[in-house]
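As structure tokens, the structure follows; a few thoughts come after it.
As the structure is a computational prediction, the values presented were derived from the model and not from experiment. Throughout, a chain's letter reflects where its sequence line sits, starting with A, and its residues are numbered from 1.
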Amino acid sequence: MTTTTLAGMEIELDDEGFIVDPERWTEAMAADLARHEGIDPLTDRHWQVVRFMRCEYEAKGSGPTVRVLGKTSGVSVKELYQLFPRGPAKIAAKIAGIPKPRGCI
Amino acid sequence: MKRIVILGGGTGGTLTANRLRRVLPADETSIVVVDQDDVHVYQPGLLFVPFGLTHPDDITRSRRRQLHRDIECRTSPVDRVDLDADTVHLADGATLPYDVLVVATGASLAPEETEGLTGPGWMEKVFTFYTPDGASALAERLTFFPGGRLVVNVVEMPIKCPVAPLEFCFLADWYFQELGIRDRVQLTYVTPLDGAFTKPVASAALGGMLEARGIELVTEFNTGSVDGEGGRLVSWDDREVPFDLAVVVPVHNGAAYVANSPGLGDELGFVPTDEHTLQSKARPNIFAIGDAAALPISKAGSVTHFEGEVLVENIQRFLAGRSLDASYDGHANCFIETGFQKAMLIDFNYETEPLPGHYPGRHGLPLLKESRLNHLGKLLFQSFYWHSLLPGHDLPGISSAMPAQGKDRPRADQKEARAS
Ligand SMILES: Cc1cc2nc3c(=O)[nH]c(=O)nc-3n(C[C@H](O)[C@H](O)[C@H](O)COP(=O)(O)OP(=O)(O)OC[C@H]3O[C@@H](n4cnc5c(N)ncnc54)[C@H](O)[C@@H]3O)c2cc1C
């Protein structure tokens, strides 16, 4: 666990860089989180995915997988990988301040 | 007369129907099971088919014969469910009204969703052992495999029995050693996960076992397309893994009719279900069991078995207007065949990851450890499946809830060390 400053607030991150308490996330933190992942700037297309992830998490308690994102977010899987090259579901979840998608077990 | 309609006559549908029949009098409640065919495959046996250790005929029986005689069987694909009218429409035109509906139509494979997978090379250089036909064709191919790069790939989670592709790797290592050509075969396991398995302790153990056998592990590989002719898996982020023979576990969806039944399923056709009561989130009179349910636990026969007990209790409670029993804890266990007549056993639930120790108690089968005893357990399981699990008999000492005794829990300080 580490503490870092995001949008001027002290925020706790877990060992993989996910925000520990999703309640503390604000849209203002997304740009800082994205920069940590080498994504700068966050475009409208990025935001479409990030906001979608956030809604899904709030409705269902867990972020969607890449295949579900490709079917429902309005952004194709190919483009998702262009936007978040190192793994769209995981990276977008991190930027959206939600826990690592559970994947499936 | 109350009507219970069960969609799917596989593991979950069969054991639920038989258990319900025992507790609900036939003159008060009718039970109907619908399936698209009469071929019940013992799916865990498919793993052994490619290595010539069993044959599809030896793991297949009639579905109807597994059901109590006071259960009505219908053989037709389901076309759709009308949730507002409490009615199932079958593809043969029949309609079945219900008081309680159980969705037990499992998961279906969708190889066509991955570009190129069913294109040139399919069933020649690219196989799956998740179907009887695929497993048989692969058996023939392996007999004549001269050596080269054999790649085992999971396209995306969730899949049925997430340990089966790892077991395939272990058995392939054994098989080629027996044939005396292991030095000519390069084995690679390619997974979308960030390790050999999802849960940390088991992932480390299984990762170590791959390494010890000289099986290469490629992680975080999300297969975008399969080039059968050129012999390449290509990921969405343009990485490539070359192969001479690929064994692919295709993506899984829920049954096709779910998408035809507004309000029943999620984007992939699985049914959102309460984790502890197994009541669907769609309607109070709809329940789901087994692979068809969208739950945060493995899609496995053992899960289906443990869910059955809670489901049957809750259907009775629902019919009697009583509150439901929220006691399903996500209990799962899997035998992992590791080759050379040995196997490993893992036991876990929603809260507890697979840990070392013994199951179901201190003097039981060793957990997270290879042993001959576990291999015998895996082999005996087939007989248990037909004679106890499907008829719905309880086994002494084996309960739906995960046993806490017998497990070696990491001390807090070790947990910290592992996490960092
Ligand atoms: C290769 C392999 C190895 C496995 N190994 C293990 C193991 O070692 N241990 C373990 O615990 N589990 C294992 N499993 C998983 C286990 O077999 C399943 O989890 C279990 O069978 C799930 O039961 P179910 O009732 O949900 O689905 P199923 O048993 O698959 O039954 C679903 C039924 O629904 C029917 N159906 C589907 N769509 C329709 C429709 N539209 N209309 C009518 N009927 C329909 C199907 O015909 C089928 O009979 C393995 C699976 C595979 C593929």
Problem - Glu16(A) portion near chain B, given a 4.5 angstrom heavy-atom threshold - result: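 The answer is the side chain of Glu16(A).
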Exercise for the section: Please work out which of the three classes, parallel, tilted or perpendicular, describes the rings of Tyr130(B) and His252(B), given edges at 30° and 60°. Expected result: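 Perpendicular, since the angle between the ring planes exceeds 60°.
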Handout entry: Flag side-chain contact, heavy atom, 4.5 Å: Leu295(B) against Phe270(B)
Key =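 Leu295(B) vs Phe270(B): side chains apart.
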Exercise for the section: Salt-bridge test for Lys71(A) and Glu113(B): reply yes if a basic N is under 4.0 Å from a carboxylate O, no otherwise. Expected result: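 Looking at Lys71(A) and Glu113(B), the cut-off is met.
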Practice task
Please confirm whether the backbone N or O of Asp40(A) pairs with a side-chain atom of Arg35(A), one donor and one acceptor, at under 3.5 Å?
Solution key: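 Not confirmed, Arg35(A) side chain does not pair with Asp40(A) backbone.
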Problem - Under 4.5 Å from a heavy atom of chain A, the part of Glu267(B) involved - result: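 When you check distances to chain A, atoms from both the backbone and side chain of Glu267(B) fall under 4.5 Å.
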Handout entry: Engaged part of Asp238(B) at the chain A interface, taking heavy atoms whose separation is under 4.5 Å
Key =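 Side chain of Asp238(B) only, per the 4.5 Å heavy-atom cut-off to chain A.
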